[in-house]
Amino acid sequence: MDESKNLSKVYEPAAVEEKWYKFWEDNKFFQGKIEKGKEAFSIVMPPPNVTGMLHMGHAMDNTMQDILTRYKRMQGYNTLWIPGTDHAGIATQAKVEAQIKKEGTDRYQLGREKFLERVWAWKEQYGNTITTQLRKLGSSCDWDRERFTMDEGCSKAVREAFVRLYKKGLIYQGNYIVNWCPHCHTTISDIEVEHVEQEGKLYHFRYPIEGSDEYIQIATTRPETMFGDTAVAVHPEDERYQHLIGKFAVLPVIGRKIPIIADEYVEREFGTGAVKITPSHDVNDFEVGKRHNLPEVVVIDKNGKMNENAGPYEGMDRYECREKLIKDFEASGVLVKVDDHTNSVGHCYRCNTVIEPLVSKQWFVKMKPLAEPAMQAAIKGDVRFVPERFTKIYLGWLENIRDWCISRQLWWGHRIPVWYCQDCGEVICETTDPTVCPKCGSHNLQQDPDVLDTWFSSGLWPFSTMGWPEKTPEMETFYPTSVLVTGRDIIFFWVARMLFDALEFTGEVPFKDVLIHGLVLDSQGRKMSKSLGNGVDPLQVIEEVGADSLRFMLITGNTPGNDLRYRTERLEAARNFANKLWNAARFSLMNLEDYTAESSIDPEYQVADKWIMSRFSAVSREVTDLMDRYELGEAARVIYEFAWNELCDWYIEIVKPRLYGKEIPESRYGAQKTLAEIMTSTMELLHPFMPFITEEIWQHLPHEGETIMLSSWPIKDESQIDLKINEQMNLTIEVIRSIRNLRSEMNIPLGKKIEVIINANSKENYAYLNDTLSYITGLASIEKMELKEQLSEKPAQAVTAVVHGIEIYLPLKGLVDIDKEIARLEKELAKMESEIKRIEGKLANKGFVAKAPAEVIEKEKEKMAKYQASKEALLVRLNDYRA
RNA sequence: GGGCGAUUAGCUCAGUCGGUUAGAGUACUUGCUUGACAUGCAAGGGGUCGAUGGUUCGAGUCCAUUAUCGCCCACCA
């Protein structure tokens, strides 16, 4: 163990953090134990992408989880925090595809098997990056239970879940309109589509009516889809078009006949009131098409290019086609006019390509039956969102949910466990790979080429990580988990899906509380993003100021659900706090070198000792309450203020003379004992927030046990809160402040010793101050002090301050400017009078006296008495001067 | 088109059940090489809590209206 003398003046986190993390991990302190009869606390980590890097969002999310986990662990819960990573289908595959592109090849040339080998190799190479980074942050998760969404167990869970849903009829295959990303070359689900308002054009075309000279004018934002038109729709009650319903329009260029139909979906006021219907490339048109049995003509292929149905435009990119078409139609007179028009266009959330809605054969999860129990769980309160307002957002989403398209045309992911018999067409879906068709006996089976949406496996995460579908000890001990901590941006993607999956497969909610936090924004309030280049790297920050400071910065001043701006000033404040703690520890250790917990000396405890212990009791209780309500930012603030203001600025300053001087061993020993205890307890209270520095300091201090992380949460008995002592110290502090203030106003530097006369003006105050006189002389740098219960003769040449009726005189022979002094006292008097007037008004208010709680009234009366006493003292002094 | 959040000191933000003289960090002013810490100490200045109306003995806090900014959701071509 280091000697305190060797502690550097400035805290150096790097070595300390590495040392302790290794110590904790090597000793398996993070491990969740399979124990019966001990209350469990469990969290599953939202799995970061396996090839990802730790960003500020992760740092905040995991700091919150770690704080809760460490807190509960110290409270004696059997604690488990399961870490893990997500295979992140599209993102990871895209990275590897980019890599092999540089080698001049692509996945199709490579083939499925070879390509997957490359992805696994990539995963092996980069998969540890983020878990290493999470360790640097101090995350106390159980690494022995680390999981990966594509490991054997999780894959088994995915398979089981799919088969169960399939057999229940909740997974089905069908030809529907889906969101296709022409760049990622796969379908994506509705929530993976980001709608962006865009300035676009509204093109008006005229289609000739068959067998007539008439035209029908339609308006569209997507001219190129006209080759897929299979009808023109008008509102059934639209008088303008009554005579055309049932007739046919003729598509320009290709000359195909399409019916004019009536459907209430059409808004008469919009455009021309006539809509071209393209069932295979528009979600609404798809619905209309279903209602009217319209054929579906696909005209845009999976690369976003026009196909053979686009006649002369075949092979063109969809936007190229649009341009060409407009030019051609302008010439041929089909184009009537072009209006400016803003509309919302769907983009792929991964690559930002404009989504092409198209009809294709995909797998879907039927949502209504799953959504209902998931909604009920929130309504009944089985699951609770913090802050509560997110319940409404969650419910709103589930209420309007549409079926979930889960098949992805990727290779990296869980392959859909469905086989098709090539001979009889039988569809086989089982938990074990089939080798023979149960219907025709054929061995010619082929597995569905697609993989599942990454979020399909994420939804199972809270229980797949615990070994479901097996009845594992983990499931029995730790499931359902206690709380889920996550960002509000993935409530739909993830939280909702875990809820309906858990209810379906385990019959229980997967977690009781959902703690939602906001985003970490840059200093200007913008989202941190790669493209903006405004992201701050948490690892660099850790390197510079340490993980503790980063954690503290991410937690303080943050409210659940709200965004947090990253500002270097705040980080510096956190770093300064760490340094402050460090130096308080240095001070303590310097003065505890000869300290032993057991001694023949009888400790003498003074007011300050009792006060700091009393304050700690109150603070630890408040912190505990705040933690239990997930008010982590407030809890951190309360500890900060206690440690810096009360402990460092007051207690340590007061206790110095007792520690330095060895003349009264009992007093010194009492101070040592209190200091040792308060420092240790404060480190424990702060440990969940700043695990490294608290461990380092704690280990140097007298302590019991191997590690601070397994010490008991330092909540004190309420009976240790001593209000009388608090009052006495507060009075002492105010007196010291007043004297310091006088010095400052009179320009007397602290170095210069002064003489002070105090007239307590009451028995009680006299007794109080008499007890703490040495603190006053010490902290106000007083050479000669005179304290009287009632001063018979008041000093003539002195400046005066009054606090709670106590008169404080600072004799300054020949230096007192009487006029200035009178002005100063008058100002003070005016202040008192205005306060008195305010309280008088309150107390004169019949309603207040009748309805306010007794203690509130009592408080007001006490204040009144104090102000009155001060006022009178001031008046007397003023009269002396005026006389 | 709906919903949510924010609006408090120059700046960035806390303020939970309505009840001290509304707080912190930072910035600012003044003075300090006080034997833990200048990443520090001491003393200060700085706020009509976005606006209006209401409920209440009492409102930063609750209700209504409204303004500005931000976010989310929604199939008007």
Side-chain angles (χ1 to χ4, degrees), chain A residues 4 7 9-11 191 195 202 218-222 225 233 265-267 269-272 274-278 282-287 341 343-344 357 387 389-390 392-393 396-397 400 488-489 491-492 518-519 521 523 525 527 545 556-559 561-565 567-570 572-591 625-626 629 631 633-634 637 640-641 648-649 652-653 656 660 737 740-745 747-751 779 781 831 834-835 838-839 842 845-853 855-857 859-860 862-863:
Chain A
S4 55
L7 296 186
K9 249 179 152 177
V10 172
Y11 175 55
I191 45 171
H195 292 273
L202 188 63
I218 55 94
T220 180
T221 53
R222 301 204 54 202
T225 63
Y265 149 72
V266 180
E267 296 271 340
E269 293 72 30
F270 190 91
T272 60
V275 192
K276 64 193 260 321
I277 299 297
T278 322
D282 183 278
V283 181
N284 298 305
D285 293 6
F286 181 80
E287 306 285 333
H341 178 66
N343 67 330
S344 142
R389 63 172 188 272
F390 290 105
K392 237 174 91 181
I393 293 172
W397 187 70
N400 301 309
R488 56 148 200 266
D489 48 333
I491 293 176
F492 305 146
L519 272 42
L521 308 173
S523 61
K527 207 169 153 175
V545 300
T556 46
N558 191 2
T559 314
N562 286 9
D563 291 343
L564 179 79
R565 260 189 227 205
R567 310 199 90 231
T568 41
E569 294 99 307
R570 299 188 356 90
E572 274 167 26
R575 180 204 57 180
N576 294 353
F577 181 49
N579 192 56
K580 186 76 184 175
L581 295 169
W582 183 249
N583 278 290
R586 282 180 65 225
F587 168 81
S588 305
L589 295 170
M590 281 176 197
N591 291 286
D625 285 347
L626 289 164
R629 279 181 285 143
E631 297 280 353
E634 271 296 283
R637 207 208 84 235
Y640 176 95
E641 285 184 354
C648 290
D649 289 348
I652 286 184
E653 290 307 322
K656 272 176 181 175
Y660 291 158
R737 285 209 168 115
R740 284 171 170 174
N741 179 281
L742 282 181
R743 295 184 76 120
S744 183
E745 278 189 44
N747 283 320
I748 308 163
L750 258 181
L779 295 198
S781 246
K831 212 166 123 190
S834 92
E835 286 303 318
R838 198 178 52 79
I839 299 172
K842 250 186 175 178
N845 185 330
K846 279 187 198 128
F848 177 73
V849 180
K851 291 184 183 173
E855 50 180 73
V856 172
I857 297 170
K859 258 188 194 168
E860 292 297 324
E862 274 170 30
K863 270 190 288 178

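Everything numeric in this text was worked out from a predicted model, so none of it was measured. Letters go in sequence order (proteins before strands), and every chain restarts at 1.
Within 4.0 Å of Val283(A), counting heavy atoms only, lies no atom of the nucleic acid at all. Here Tyr265(A) lies in heavy-atom contact (under 4.0 Å) with a base. Across all strands, Thr559(A) comes closer than 4.0 Å only to sugar-phosphate atoms, never to a base (heavy-atom distances). Among the atoms of the strands shown, base atoms are found under 4.0 Å from some heavy atom of Glu267(A). Within the nucleic acid shown, Arg222(A) has no heavy atom closer than 4.0 Å to any nucleic acid atom. Using a 4.0 Å heavy-atom cutoff across all strands shown, Asn343(A) reaches sugar-phosphate atoms only and no base atom. Using a 4.0 Å heavy-atom distance criterion, Leu626(A) is classed as a base contact. Here Gly557(A) lies in heavy-atom contact (under 4.0 Å) with sugar-phosphate atoms only. Among the heavy atoms of the strands, none lies under 4.0 Å from Glu572(A). Across all strands shown, Ile277(A) has no heavy atoms under 4.0 Å from either base or sugar-phosphate atoms. Contacts of Val849(A) with the nucleic acid, taken as non-hydrogen atoms under 4.0 Å apart, are absent. If you check every strand for non-hydrogen atoms under 4.0 Å, Ala573(A) touches sugar and phosphate atoms only. Nucleic acid contact for Asp649(A): sugar-phosphate only, since backbone atoms but no base atoms lie under 4.0 Å from a heavy atom of the residue. Among the protein residues, Arg575(A) comes within range of the nucleic acid bases, having at least one heavy atom under 4.0 Å from a base atom.
Rounded to an integer number of Å, the gap from CZ of Arg488(A) to P of rC71(B) is 10 Å. Following rounding to the nearest Å, Ile191(A) (CD1) and rC72(B) (P) show an atom-to-atom distance of 14 Å. Distance Phe492(A) CZ to rC4(B) P: 13 Å, rounded to the nearest Å. Per the geometry, CZ belonging to Arg743(A) stands 16 Å off P belonging to rG31(B), to the nearest Å. Going from atom CZ of Arg567(A) over to atom C1' of rU26(B) covers 8 Å, rounded to whole Å. Computed from coordinates, the Phe286(A) CZ to rC75(B) C1' distance equals 13 Å when rounded to whole Å. In this entry the distance linking CG of Asp563(A) with C1' of rA14(B) reads 16 Å, nearest Å. Between the NZ atom of Lys580(A) and the P atom of rA38(B) there is a distance of 10 Å, given to the nearest Å.
Side-chain to base pairing of Glu653(A) with rA36(B): one donor and one acceptor N or O lie within less than 3.5 Å of each other. Counting distance only, with no hydrogens placed and no angle test, the side-chain atoms of Arg570(A) and the base atoms of rU12(B) include no donor-acceptor pair under 3.5 Å. For rA36(B), the base has no donor-acceptor partner in the side chain of Lys9(A) [N/O atoms by modelled type, under 3.5 angstrom].
Classification of the Phe492(A)-Trp397(A) ring pair by plane angle, with boundaries at 30° and 60°, yields parallel. Classified by interplanar angle (parallel below 30°, tilted 30° to 60°, perpendicular above 60°), the ring pair Tyr660(A)/Phe587(A) is perpendicular.
Spacing of P atoms, rU26(B) relative to rC4(B), comes out at 37 Å, to the nearest Å. Remark: the separation of the C1' atoms in rA6(B) and rA74(B) is 23 Å, to the nearest Å. If you take atom P in rG3(B) and the same atom in rU65(B), they sit 10 Å apart, rounded to whole Å. With both ends at atom P, the span from rU52(B) to rA67(B) equals 15 Å, rounded to whole Å. Between rA51(B) and rG44(B), the distance separating the two C1' atoms is 33 Å to the nearest Å. Atom P of rU61(B) sits at a distance of 16 Å from the matching atom of rU48(B), rounded to the whole Å.
Within the 4.0 Å cut-off from OP1 or OP2 of rG40(B), at least one side-chain nitrogen or oxygen of Asn576(A) is found. Here Arg637(A) does not reach the OP1 or OP2 of rA24(B): none of its side-chain N or O atoms lies under 4.0 Å away. OP1 or OP2 of rA77(B) has not a single side-chain nitrogen or oxygen of Thr221(A) nearer than 4.0 Å. Side-chain N/O atoms of His341(A) include one lying less than 4.0 angstrom from OP1 or OP2 on rA77(B). For the OP1/OP2 pair of rA36(B) and a distance below 4.0 Å, the side-chain nitrogens and oxygens of Tyr660(A) include at least one atom meeting the criterion. The side chain of Lys863(A) places no N or O atom within less than 4.0 Å of a non-bridging phosphate oxygen (OP1 or OP2) of rU20(B). Residue Lys392(A) places at least one side-chain N or O closer than 4.0 Å to OP1 or OP2 of rC4(B).
Where Asn558(A) and Lys276(A) meet RNA chain B, the nucleotide closest to each residue was compared, and Asn558(A) sits on the side nearer the 5' end. Each of His195(A) and Lys859(A) has a nearest nucleotide on RNA chain B; the 5'-most of these lies closest to Lys859(A).
The partner of rC71(B), taking Watson-Crick or G-U wobble pairs whose two distances both stay under 3.5 Å, is rG3(B). Across all strands shown, rG10(B) forms a Watson-Crick or G-U wobble pair with rU26(B), both key distances being under 3.5 Å.
Considering only the side chain of Val275(A), rA77(B) comes nearest among rA14(B), rA77(B), rC37(B).
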